[in-house]
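For reference, the structure is listed below as C-alpha cells.
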Protein chains: 2
Amino acid sequence: MATRTYHHGNLRAELLAGAEQTLAEGGDLSLRELARRIGVSHAAPRRHFADKQALLDALAEDGFERLGRDLRAAMDAAGEQCVPRLLAFGRAYVAFATRHAALLELMFAGKHRPGAADSLRTAADRAFEAPLALFAEAQAAGEVVPGDTERIAIVAWATLQGLASMVNSGMLEGGAALDDVVADAVHQLVLGLRPR
Amino acid sequence: MATRTYHHGNLRAELLAGAEQTLAEGGDLSLRELARRIGVSHAAPRRHFADKQALLDALAEDGFERLGRDLRAAMDAAGEQCVPRLLAFGRAYVAFATRHAALLELMFAGKHRPGAADSLRTAADRAFEAPLALFAEAQAAGEVVPGDTERIAIVAWATLQGLASMVNSGMLEGGAALDDVVADAVHQLVLGLRPR
DNA sequence: ACCTGAACACCGTTCAAGT
DNA sequence: ACCTGAACACCGTTCAAGT
C-alpha cells in the first residue's frame with residue numbers, strides 16, 4: 001500500500017533489476033520494452049541513465065562487485081592452504097560465469113570499451129585482487145613456480161574463462177561433470193606450475 | 001566492363017563479403033546499410049538469405065571451414081612430432097581467434113543456437129577433427145596421459161579459447177608477447193598432462 | 001526533480017508488383 | 001528468377017512541456 005505519485009520513485013533500481021532479469025532470460029534488452037514493463041514512459045529512463053550503454057555499465061559494475069564477493073567468500077570457506085583455495089577460486093569463478101553468462105559478457109565488454117568509466121575499471125580490478133594475492137601466496141609457499149605473478153595467473157584464468165565460455169556455448173555440460181573438469185584443470189595447472 | 005542488368009548478379013557473394021568486412025571493422029551489422037552500400041534495395045538480400053540470421057550462419061560456416069584449413073596447415077608445417085604440432089595448433093588457433101574475433105564469436109553462437117543448421121554443426125566438428133586426432137596421437141606417443149581424449153583436449157582448448165578472449169577484451173596484448181604466453185600455456189599443459 | 005508525449009532517424013521483415 | 005518500393009511494427013535518442 002505504498003502511496004504513489006505520478007513519478008515512480010525508485011525507477012533507477014527497478015530499471016537495473018528489470019534489465020538484469022531480461023539479460024538472464026537470454027532476451028535482447030530493449031529500453032522501450034523495459035520501460036513499458038515497469039509502467040513508465042519510454043523516455044523516463046533518460047533521467048537515470050544517459051543512454052542504454054550507461055545502464056549496461058551500471059549493471060556491469062554491480063556484477064564485478066558481486067563476483068568479487070563470491071570469489072572471496074569461496075576462497076575463505078576453503079581454509080588456509082593454497083591448493084584448496086585455488087580450487088575454490090576456480091569453482092566459484094566458473095559457477096559465476098555459467099550462472100550469469102550474459103552479465104559476465106557485459107562486464108568484460110564494458111570494462112574494455114575505450115570510453116569505459118573509471119569506476120567500472122576499478123570495480124573489475126578489485127574483483128580480482130584476492131585471487132591475484134592467492135597466486136602470489138602460492139608462489140611464496142613453493143606450490144607454484146616463481147616469476148611474474150600476473151603472467152602465471154593469466155594462463156590459469158584463461159583456462160577458467162575458456163571452460164566457462166565452453167559451457168555457455170553448449171560445448172560442455174554444466175553440473176557435476178563440469179566440477180570435475182574444473183578440478184582437473186586446476187590440478188593440471190598447479191602441477192604444470194609446480195617448481196621442478 | 002562487365003555488363004549489368006538491373007539485377008546484380010552475384011549479390012549473395014557480395015553480401016557475405018560486405019557483412020564480414022563490417023564485422024571485422026567492429027561495426028554493428030545492419031542489413032539495410034549493407035544493401036545500401038552494395039547498391040541494391042533493402043529487400044533484395046531476402047532472395048538469398050531468409051533472414052539476417054541465415055546470412056550470419058552462412059558466414060559462420062565459412063569461418064569454420066577456414067579455421068579448419070588454418071589449423072591443418074599450421075600442424076602440417078610443424079613436422080611430425082607431437083609437441084611441436086600441439087604448439088603450432090595452439091598458435092594457429094589463437095591467431096585465428098584474435099584476427100577474426102567477431103567472426104569466431106559468431107561461429108560459436110551460431111553453432112550452439114537451438115535451431116542451428118546441421119551443415120553449420122558438421123562444419124564446426126570438421127574444423128576440430130585434426131586437432132583431436134593430434135591429442136590421441138600424443139597419448140599414443142606417451143606425451144600425454146591416457147584416458148578420455150576429448151576430456152583432455154577440452155582443458156587445452158579452453159585455455160586457448162580463454163587466452164584469445166582475453167586478448168580480444170584487451171586484458172592481454174597481441175603480438176610477440178602473446179606468442180610467448182601461448183607457448184607457456186601449451187608447455188604447461190603438456191607438462192601437466194605428461195604421464196607421471 | 002522527475003516524468004510525459006510527440007518527433008526524428010533508424011531498424012528487420014513482409015508482400016504486391018515489376019522486368 | 002531476381003529485384004523494387006511501400007508498408008508495418010519496432011528501435012534509441014531528443015526535446016519541449018507538464019507537475
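Letters go in sequence order (proteins before strands), and every chain restarts at 1.
- With distances taken from any side-chain atom of A:Ala43 to the nucleotides C:dC3, D:dT14, D:dC3, the minimum falls on D:dT14.
- When rounded to the nearest whole Å, the span between CG of B:Asp28 and P of C:dA9 equals 21 Å.
- Taking the six-membered ring wherever Trp is involved, the centroid distance between the rings of B:Phe89 and B:Phe128 does not fall below 6.0 Å.
- Comparing C:dC11, C:dC3, D:dT13 against the side chain of A:Val40 picks out C:dC3 as the nearest.
- In terms of phosphate contacts, B:Ser30 brings a side-chain nitrogen or oxygen within less than 4.0 Å of OP1 or OP2 of C:dG12.
- Contacts between residues 49-58 of chain A and DNA chain D, counted as heavy-atom distances below 4.0 Å, involve A:Asp51, A:Lys52.
- For DNA chain C, if you chain together Watson-Crick or G-U pairs that step i with j, i+1 with j-1 and so on, the runs of at least three with distances under 3.5 Å are C:4-8 with D:12-16, C:12-16 with D:4-8.
- Salt-bridge formation is detected for the pair B:Arg66/B:Glu20: a Lys NZ or Arg NE/NH1/NH2 atom is positioned less than 4.0 Å from an Asp or Glu carboxylate oxygen.
- Side-chain atoms of A:Met75 and A:Leu86, non-hydrogen and from C-beta on, never get closer than 4.5 Å to each other.
- When the side-chain nitrogen and oxygen atoms of B:Arg46 are compared with OP1 and OP2 of C:dT14, one or more of them lie within a distance under 4.0 Å.
- Not a single donor-acceptor pair, N or O on each side, falls under 3.5 Å between the base of C:dT4 and the side chain of A:Arg47.
- Scanning atom types as modelled, one donor and one acceptor separated by under 3.5 angstrom connect the side chain of B:His42 and the base of C:dT13.
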